[in-house]
2 protein chains.
Amino acid sequence: MTPVSSAPGGRRVSMADVAAHAGVSSQTVSRVSNDSSKVSEPTRDKVLQSMRDLGYRPNSAARALKRGHFRTLGIITFTMTTYGNVRTIDAIAQAAAGAGYATTLLPVRVPTQRSVHRAFGRLEELAVDAVIVIMETNLRDSDHLILPPGMPVVVVDADHGAGTYGVDADQVAGARKVTEHLLNLGHETVWHIAGPQASHAARRREEAWRASLEVAGRAAPPAIRGDWTARSGYEAGLQLPAGAECTAVFCANDQMALGLYRALRQTGRRIPQDVSVVGFDNIEDSDSFDPPLTTIDQDFEELGRECVEEVMEQLRDPTMPSRRPVVRTRLVVRDSTAAPAK
Amino acid sequence: MTPVSSAPGGRRVSMADVAAHAGVSSQTVSRVSNDSSKVSEPTRDKVLQSMRDLGYRPNSAARALKRGHFRTLGIITFTMTTYGNVRTIDAIAQAAAGAGYATTLLPVRVPTQRSVHRAFGRLEELAVDAVIVIMETNLRDSDHLILPPGMPVVVVDADHGAGTYGVDADQVAGARKVTEHLLNLGHETVWHIAGPQASHAARRREEAWRASLEVAGRAAPPAIRGDWTARSGYEAGLQLPAGAECTAVFCANDQMALGLYRALRQTGRRIPQDVSVVGFDNIEDSDSFDPPLTTIDQDFEELGRECVEEVMEQLRDPTMPSRRPVVRTRLVVRDSTAAPAK
DNA sequence: GCGTGCTATGTTTACGTAAACATTTTGAGT
DNA sequence: ACTCAAAATGTTTACGTAAACATAGCACGC
């Protein structure tokens, strides 16, 4: 028999339909559909058969209404074009799935006040138990996170005030490790190709780079600003001074480092003999750059796990303060860094 | 007054609570919450004020139950590590958002029979009106898409039988354009670094490459198989014969082309003077490869739009057959291809 | 002054599920 | 056979919303 999938009247098949078909009460159908304990073998089989016959599919809306939750997390994200965001989203989705939660994407195209408000407005409608915001980009002050009241929120990668839940990678330690690595190799100073002004991560990496140079008593050259893309890294690279003045460059991400590679080669400089290059992110491709790129590895899986962990914490007990975990970063030394030529 | 966010009894604030607080019926609250027409100005203000006072947030589950839909699409995806998948997911999410739909991710780690079944099982529970499956990887026959009955489905990037809804990029035309471009430049034949055996897209690109060579009466060298990663492209590149025997290589994606660049340079060959290289995908970075990569651009935005379009079609009228749209591909010629040395 | 028709609001009900409680059946122990 | 507990199943109800229907108020024309 092929499933009919719609009850008399054209409605979707409900428990009541299955119950009638199997000659039991709807509660028994419910039991089979859920615990499936406390139901005798023959009854269960009968009900399961009826479910198949009718093409029964539980109504998630009714379930959620009854249970009071969706087992679904929302992710507000401004872009999926940067590597870090994608990895973070993926990691969150995996971790959430592990905890039995699905993940709903709420893409916000441009971080203007209007679009953010609209997105957060739509959140009200969303079938979601909690929200993770991947900030990445600065909002103007007036846009400050106006979230639905009573909705647990975790913010990733943002300057957040006290009282909010947040998770972040240890950008500062990462940038410090880069700078120290290069100075230890004997470079006089380190140049920096920064990410966009609006990005929290970019700002923190830049500040940590500058601070590390200061601690070491070195003069910080002016930062050159890119926009995360390889193309902007290429253009930034063309602005670097030629000759011995610039022997080491720290790129705020690996993609810009790729662009920098091309700019350096085009202007006749070898990596690492003439210029050492370090990236940030450890994208999958970076070990196949030519030469393989020295970079900072961020543990996105852990970041995702921590996000989900924080959310779950908040769902369990909304009064609990955030642990505000910081995910470690790790220097991966490959072949793009070396001591400067004498 | 700060919102209380919970009604007497600890429950979330409901319409009834707002209604009581504002001294109106719950239906009036519903009207304000929805159309907001047919309500007098003073009443509306009163209700809105009560909503704010109590921190009212509509219950999406109850709404969905009443309305019969969630305005949410599900995406089943096997990996978010390949560029194409991410772009597709992003495009779908954007297109869905444009149509007023949210997007729920359902990541399936390994495409084994068990995990797929489990995921599709969880789908039953999912608060979703329809599903888009980004196949990408072959399932073993026994795993064939067992989806909940009555759930609209669109499959991307798969060999699908008749009767299903599907969308795909025109892999064949893309691969043909590549081969013809290289032959037209004067190359005797074209080598191929293929994607993994299990991938539909990889298989179709490989077949089209081989067919194009046949049509031109050229012998097809053995395909070298990679796994989409830059590292595998590097390793495949090391297996290419040295010398004039191999002057043109078509990589099944851009990342493998990046690895190939390194292998070629390492074995003393220049691009494009000694070897021409073509990729597939036109990833954002490929114009910053050194040299900028000739590749095939896939219009992922259109792919995403078409997916959503197909889903909407099916939601409107489940009996309608699929248009089975095919998204165009475009050859982007940059600096990695040239005529072979004489 | 009295229907007539409209607008604003209230009342009832149903959506599909599952908890809580009620009842029946089963079976083990005497 | 009879008691009693446990297991299996049934009945009632509530979850929060919104459609459908009902009613009250009010302006307007004759």
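Only a predicted model underlies this, so the values are computations on that prediction, with no experimental measurement involved. Note on naming: letters A, B, ... go to the chains in the order of the sequence lines (proteins, then strands), and numbering restarts at 1 for each one.
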Inset, instruction - Report the distance from atom NZ of B:Lys38 to atom CZ of B:Arg31, rounding to the nearest 0.5 Å. - result: 9.5 Å
Legend entry - Between D:dG16 (P) and B:Arg57 (CZ): distance, integer Å: 12 Å
Legend entry - Worked verdict on A:Thr28 versus A:Ser25 for side-chain hydrogen bond (donor to acceptor under 3.5 Å, both in side chains): CA-CA 5 Å; A:Thr28 299; A:Ser25 76; 3.3 Å; yes
Legend entry - Short N-O contact, B:Glu310 and B:Arg324, less than 4.0 angstrom: no
Inset, instruction - Report the distance from atom CE of B:Met51 to atom P of D:dG16, rounded to the nearest whole Å. - result: 15 Å
Legend entry - A:Asn59 CG to D:dT17 P, straight-line distance once rounded to whole Å: 16 Å
Legend entry - Sequence-aligned protein contact record of nucleotides 8-14 of chain C, with B where the base is within under 4.0 Å of a protein heavy atom and S where only the sugar-phosphate is: SBBB--B
Inset, instruction - Could you tell me whether the side chain of A:Ser50 and the main chain of A:Lys46 form a donor-acceptor pair under 3.5 Å? - result: yes
Inset, instruction - Assess whether salt bridge (charged side-chain N to carboxylate O under 4.0 Å, His left out) is satisfied between A:Glu41 and A:Arg44, documenting all intermediate values. - result: CA-CA 5 Å; A:Glu41 204 58 43; A:Arg44 187 199 334 286; 3.8 Å; yes
Inset, instruction - Measure from CZ on A:Phe70 to C1' on C:dT17 and round the result to the nearest Å. - result: 13 Å
Inset, instruction - Kindly say if A:Arg67 contacts the phosphate of C:dA18, meaning a side-chain N or O under 4.0 Å from OP1 or OP2. - result: yes
Inset, instruction - Please state how far atom CZ in A:Arg63 lies from atom P in C:dC15, giving the value in whole angstrom units. - result: 18 Å
Inset, instruction - Would you mind reading off the distance between A:Leu54 atom CG and C:dG16 atom C1', rounded to a whole angstrom? - result: 15 Å
Legend entry - Length of the CG-C1' vector between A:Leu65 and C:dA19, whole Å: 13 Å
Inset, instruction - Measure the CD-CE distance between A:Gln27 and A:Met15 for me, rounded to the nearest 0.5 Å. - result: 7.5 Å
Inset, instruction - State whether B:Asn34 places a side-chain N or O below 4.0 Å from either non-bridging phosphate oxygen (OP1 or OP2) of D:dA18. - result: yes
